**Q** 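Next up is a structure, given as structure tokens.
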2 protein chains.
Amino acid sequence: MVQKSKPPAAANQPERRGEPERRGEPKRRGRPRAYEPDIALGKALDLFRKQGFAATSLDDLSAATGMNRPSLYGAFGDKRELYIKSYQRYREEAGASMVEIFRQEMPLRQRLERIYASALDIYLSGDTGPRGCFTVVTAASEAVGDPEIRAMVLDGLTGLDKAFASCFRRAKEKGELPESADPFALAQIASATIHTIAIRSRARVPRKELEAIVKGAIDVMVGVEV
Amino acid sequence: MVQKSKPPAAANQPERRGEPERRGEPKRRGRPRAYEPDIALGKALDLFRKQGFAATSLDDLSAATGMNRPSLYGAFGDKRELYIKSYQRYREEAGASMVEIFRQEMPLRQRLERIYASALDIYLSGDTGPRGCFTVVTAASEAVGDPEIRAMVLDGLTGLDKAFASCFRRAKEKGELPESADPFALAQIASATIHTIAIRSRARVPRKELEAIVKGAIDVMVGVEV
DNA sequence: CGATTTTTGTACCATCTCGCAAAATAATCC
DNA sequence: GGATTATTTTGCGAGATGGTACAAAAATCG
């Protein structure tokens, strides 16, 4: 029940002991933690993505994070709070790789290809099976009943819509799309394509097929002529 | 704990007592059932759609169906089997309304409009909140871990793809689409649109917005010019 | 060193979980 | 009517579940 049996001896923590711990916490007072909250949250996220909220027990989480129940509770709150924090972490991670692609300068087609390739990497990763999109999974399960979670999911969905919309708007300005193109409608199709590969990845549709779907959708979106 | 307090006195069962019960079962031998398997399965489906597999307990199912646990077990098997039977029921129901639309003769645009309207009806129904698409919900949750369920989900996904593809193929033959149109790629977009509204409906996106998404997607698919 | 503070580990609780066995009940068959 | 058959009902039991109390452990502070 330890994350790294030995007490943290500056093994692979980014910064520790010597520098003041990030935001002016000169020294922690009591018994040191046996876990690294960040990596524990990552493990929890992995589990939640694989099994969903309801099917994941505190024992599972305890085993995966290497923290025992009370520590889990103290660090993240109850199971629901941990789920929420896990989702936020997911958004940060997934968002970061997307933002990178949205920022760089490149032709529309290439940008879309990279976005979907990155999405597929995320959805198909996982040693025990594809983990899909956590936003989609959460939408399908907890979002209906839990207003706070629903709000986060909605934020995720509309965030993607907006990113795609601005992407198509830019492309239109650069003359990559005809004057008649509707960036908003295209963005919805782009998002829908994300959602469909997220769903299908969970049904273990092989990457080749997902890539074919993506290719077809891109062709339509950039107007290879339907 | 009864479905209809009084023993079945030919109240609303489709066919009973008089006619031989469907497939030559002249008379049931022992104590008569206090429940109607069909309506019980419907109730179970409702619950599963609302809460998902893991979050639905046998007690929930027992209360909803009006059958006590052992009866449930005897009629449908364990929870997983009941889930599978519920899913099959869902597919029958949802499929039926779709097939109807796919069969009738009408212009492509109108056909698509009707399909999506019907889908929205299904996804947004439910007294306690939108229930979404059971195929999508199941894909997001149980499909990864359970091969049998996954196979059913895959069947549902590809079934929709094929229906849409044949729909576009027909439209192309009738000259409603340009010669360059790719029915398969269009079908993927049509399915993706189904999936995106299924996801969003679970996040309680209002119907108006979903209809706007559908309209935009249809415009692109029938080639209003992107 | 002893006091303080923070975290850990064990153990526990009340509740719920699924599945099943045994007994009661209600119909048909002879 | 009695035997047979099928279903309902009650209730159990072994185990899992989410959450918490409490004492021991491990660090810093004075």
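We name chains A, B, ... by the order of the sequence lines, and we start the count at 1 in each one. Given the structure is predicted, the values throughout are model-derived calculations rather than measurements.
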**Q** Looking at D:dT17, D:dA24, C:dG19, which one has an atom nearest to any side-chain atom of A:R31?
**A**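 Nucleotide nearest to A:R31's side chain: D:dA24.
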
**Q** A:R33 CZ to D:dT28 P: how many Å, rounded?
**A**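 Value for this atom pair: 15 Å.
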
**Q** Counting only side-chain heavy atoms from C-beta out, which of D:dG18, C:dA21, C:dC18 sits nearest to A:R69?
**A**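 When the side chain of A:R69 is considered, D:dG18 is the closest of D:dG18, C:dA21, C:dC18.
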
**Q** Please determine whether the number of non-hydrogen atoms from other residues, nucleotides or ligands lying under 6.0 Å from atom CZ of A:F184 exceeds 12.
**A** no

**Q** Charged N to carboxylate O under 4.0 angstrom, B:E100 versus B:R103?
**A**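 The answer is yes: the pair qualifies as a salt bridge.
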
**Q** Return the value, rounded to whole Å, for the distance between atom CG of A:D59 and atom P of C:dA11.
**A** 15 Å

**Q** Would you kindly give the CG-to-P distance between A:L58 and D:dG19, to the nearest whole Å?
**A** 6 Å

**Q** Which of these nucleotides, D:dA26, D:dT8, C:dG19, is closest to any side-chain atom of A:P32?
**A**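 Output: D:dA26.
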
**Q** Hey, are B:D161 and A:R200 close enough for a salt bridge, meaning a charged N less than 4.0 Å from a carboxylate O?
**A**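 A:R200 and B:D161: salt-bridged.
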
**Q** To the side chain of B:N68, which of D:dT8, C:dG19, C:dT7 is closest?
**A** D:dT8

**Q** Rounded to whole angstrom units, what separation is found between the CG atom of A:D60 and the P atom of D:dA16?
**A**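 Between P of D:dA16 and CG of A:D60: 11 Å.
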
**Q** When the distance from CZ of A:F76 to P of C:dT8 is rounded to whole Å, what number comes out?
**A** 11 Å

**Q** Taking only side-chain N and O atoms of A:Y73, does any of them lie within less than 4.0 angstrom of OP1 or OP2 on D:dG18?
**A**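 Indeed not, no polar side-chain atom of A:Y73 lies that close.
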
**Q** Which nucleotide in the set C:dT8, D:dT8, D:dG18 lies at the smallest distance from any side-chain heavy atom of B:Y35?
**A**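 Of C:dT8, D:dT8, D:dG18, D:dT8 is nearest to the side chain of B:Y35.
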
**Q** With a non-hydrogen cut-off below 4.0 angstrom, is A:S57 in contact with a base, only sugar-phosphate, or nothing?
**A** sugar-phosphate

**Q** Crowded around A:K215 NZ? As in, over 12 foreign heavy atoms under 6.0 Å?
**A**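 No, not enclosed.
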
**Q** Of the nucleotides D:dA21, C:dG19, C:dC20, which has the atom closest to the A:P70 side chain?
**A**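 Nearest nucleotide to the side chain: D:dA21.
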
**Q** Specify the separation, in whole Å, of atom CG of B:L61 and atom P of C:dT17.
**A** 10 Å

**Q** Could you check A:R29 against A:F53 and say which one's nearest nucleotide on DNA chain D is further toward the 5' end?
**A** A:F53

**Q** Looking at B:A140 and A:A140, what are the two nearest heavy atoms and their distance?
**A**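 Heavy atoms of B:A140 and A:A140 come nearest at CB-CB, 3.7 Å.
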
**Q** How many Å lie between CZ on A:R80 and P on D:dG19, as a whole number?
**A** 11 Å

**Q** Rounded off to whole Å, could you give me the CG-to-P distance for the B:L72 and C:dG19 pair?
**A** 11 Å

